[in-house]
Amino acid sequence: MSELRFVRMGFGPEAVDYRVAWDEQRRVHAARFADEVPDTVILLEHPPVYTAGRRTQDSERPLDGTPVIDVDRGGKITWHGPGQLVGYPIQKLPRPVDVVAHVRRLEEALIRTSAEFGVTATRIEGRSGVWVLGDPVEQRPALGGLSLDFDPRLTDEEFDPRLNGPEYAPSNAGQRREDRKLAAIGIRVAKGVTMHGFSYNVQPDNKWFDRIIPCGIRDAGVTSLAAELGRDITVDEVLPVVEHHLRDILEHADLKPREIVRASA
């Protein structure tokens, strides 16, 4: 069992500028590497901002030239803003680092949090983050008056949902009864210490996601606790529940280095 410290950096009117928080992450990261501080989770809200991970393509960025901050985490482009709880776990892991296991632990904490509020969330194989599953394809409503057999997002590599109206907007995935992302995860590991982390949609304005291709995924959308519950819910309500599950999972995790499978001669 390892000690875990939580830092509530700023919420609501005190929401923290992304670059300020990024600088603080780097400071804590260096201190954790030097064993000057324990494993630390920074929790906060950001003013509206788009951030792009290393795998982001130009075709996934805002069409209107809205500024995007390019960052050193994995993953693609996403949005942060009011009504979204952002967490940056800065944790020392044994080497060689098992990145997938770290991501799974963060997902599990948010899945448990969602369940505590009455929302069934899960993982989708091949897609990081926490998801609310949609209806089976054959039970979903038609898009744009067309059968789903002709859904252009699945057959046209050049189809751009940013240009094709609300029926394809990521924020309307719930109305389409599609799979929809409740929490995004993107991390970086440097010198055996993690950075970046998760963004958990509590009650944001999800229309911000309609300007981009969130996480580079064109055939699914986004959601929030509020949207799934059909009622208002605040970050203040969710914050202690997320802390509880993060503490339970991260402090009690049996951290092991990634197994190295060596090819036989």
Side-chain angles (χ1 to χ4, degrees), residues 7-30 42-90 106 127-130 153 157-166 168-173 180-190 194-224 226-227 235:
V7 176
R8 296 184 177 185
M9 194 172 175
F11 302 91
E14 284 77 46
V16 183
D17 179 83
Y18 186 87
R19 289 185 175 86
V20 171
W22 194 6
D23 286 343
E24 179 64 7
Q25 277 197 76
R26 286 183 284 226
R27 186 192 69 79
V28 176
H29 182 279
I42 300 172
L43 294 166
L44 46 73
E45 280 180 281
H46 288 303
V49 62
Y50 293 105
T51 70
R54 293 185 297 254
R55 296 191 300 111
T56 302
Q57 300 177 16
D58 289 343
S59 60
E60 296 161 351
R61 295 170 182 263
L63 288 169
D64 59 4
T66 300
V68 176
I69 298 176
D70 289 281
V71 297
D72 56 356
R73 61 167 169 79
K76 295 198 171 190
I77 190 167
T78 193
W79 172 84
H80 300 307
Q84 183 188 75
L85 177 58
V86 175
Y88 298 128
I90 300 173
L106 300 184
R127 292 180 169 179
S128 69
V130 174
R153 297 172 303 170
E157 293 182 357
E158 296 184 358
F159 179 83
D160 194 332
R162 298 169 299 177
L163 296 172
N164 283 273
Y168 295 103
S171 64
N172 288 332
R180 47 210 183 266
K181 184 175 279 192
L182 181 59
I185 294 177
I187 68 166
R188 178 181 184 230
V189 181
T194 66
M195 288 182 65
H196 301 288
F198 65 84
S199 54
Y200 188 42
N201 294 332
V202 178
Q203 188 166 335
D205 179 357
N206 279 338
K207 290 182 180 178
W208 284 93
F209 289 103
D210 296 345
R211 300 186 188 182
I212 60 174
I213 309 296
C215 303
I217 298 172
R218 296 175 184 269
D219 61 341
V222 294
T223 190
S224 65
V235 169

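Note that the coordinates shown come from a computational prediction; the quantities given were computed from them, not determined experimentally.
Within the structure, side-chain hydrogen bond (donor to acceptor under 3.5 Å, both in side chains) pairs that include any residue of residues 9-20 do not occur (at least two apart or interchain). Sorted by first and then second residue, the salt bridge (charged side-chain N to carboxylate O under 4.0 Å, His left out) pairs with a member in residues 196-209 form an empty list; sequence neighbours excluded.
No donor-acceptor pair closer than 3.5 Å links the side chain of Tyr200 to the backbone N or O of Ser224. With hydrogens and angles disregarded, no donor-acceptor distance shorter than 3.5 Å links the side chain of Arg188 to the backbone of Gly197. The backbone N or O of Pro170 lies less than 3.5 Å from no partner atom in the side chain of Asn206, so there is not a single donor-acceptor pair. No side-chain donor-acceptor contact under 3.5 Å links Asn201 to the backbone of Ala183. Judged by distance alone, with hydrogens and angles left aside, the side-chain atoms of Glu45 form a donor-acceptor pair with the main-chain N or O of Gly12 at under 3.5 Å. Not one N or O on the side chain of Thr78 forms a donor-acceptor pair closer than 3.5 Å with the backbone of Pro214. With hydrogens and angles disregarded, a donor-acceptor distance shorter than 3.5 Å links the side chain of Arg54 to the backbone of Asp72.
Looking at heavy atoms from C-beta onward, Val49 lies in side-chain contact with Ile69 at the 4.5 angstrom threshold. Taking 4.5 Å as the limit, every side-chain heavy atom of Pro67 sits out of range of all side-chain heavy atoms of Tyr50. Residues Asp64 and Arg211 are in side-chain contact: their nearest non-hydrogen atoms beyond the backbone lie under 4.5 Å apart. The closest side-chain heavy-atom distance from Val68 to Ile77 is below 4.5 Å. Looking at heavy atoms from C-beta onward, Val222 lies out of side-chain contact with Pro204 at the 4.5 angstrom threshold.
Here Arg8 pairs with Glu243 under the salt bridge (Lys or Arg N to Asp or Glu O under 4.0 Å) rule; sequence neighbours left out. For Phe198, there are no ring pair (Phe, Tyr, Trp, His ring centres under 6.0 Å) partners, not counting sequence neighbours. Remark: Arg27 engages Glu24 in a salt bridge (Lys or Arg N to Asp or Glu O under 4.0 Å) (not counting sequence neighbours). Legend: residues meeting salt bridge (Lys or Arg N to Asp or Glu O under 4.0 Å) with Arg61, ordered by chain and number and at least two apart, are Asp58, Asp70.
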> Is there a side chain to side chain contact (heavy atoms under 4.5 Å, CB included) between Ile187 and Arg73 once you walk through the steps?
Replying inline: CA-CA 5 Å; Ile187 68 166; Arg73 61 167 169 79; over 6 Å; no

>> Pair Gln84, His80 - check side chain to side chain donor-acceptor pair (under 3.5 Å), show working.
In response: CA-CA 7 Å; Gln84 183 188 75; His80 300 307; 2.9 Å; yes

>> Assess the residue pair Glu60 and Ile212 against the criterion (side chain to side chain contact (heavy atoms under 4.5 Å, CB included)); give the C-alpha distance rounded to whole Å, side-chain angles, the decisive distance to 0.1 Å, and a yes or no.
In response: CA-CA 6 Å; Glu60 296 161 351; Ile212 60 174; over 6 Å; no

>> Using side chain to side chain contact (heavy atoms under 4.5 Å, CB included), reason through Val16 and Met9 one step at a time and then give a plain yes or no.
In response: CA-CA 7 Å; Val16 183; Met9 194 172 175; 3.8 Å; yes

> Where do Ile90 and Ile42 land on the side chain to side chain contact (heavy atoms under 4.5 Å, CB included) test, with the steps shown first?
Replying inline: CA-CA 8 Å; Ile90 300 173; Ile42 300 172; 4.0 Å; yes

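Relative orientation of the Tyr88 and His196 rings is perpendicular, given thresholds of 30° and 60° on the angle between their planes.
Between the OG atom of Ser128 and the CD1 atom of Ile185 there is a distance of 6.5 Å, given to the nearest 0.5 Å. Put simply, NE2 on His46 and CZ on Phe11 are 10.0 Å apart, with the number rounded to the nearest 0.5 Å. One finds the CZ atom of Arg180 at 14.5 Å from the CZ atom of Phe209 (value rounded to the nearest 0.5 Å).
In this structure, Leu106 and Pro89 approach most closely via the heavy-atom pair CD2-CG, 3.8 Å.
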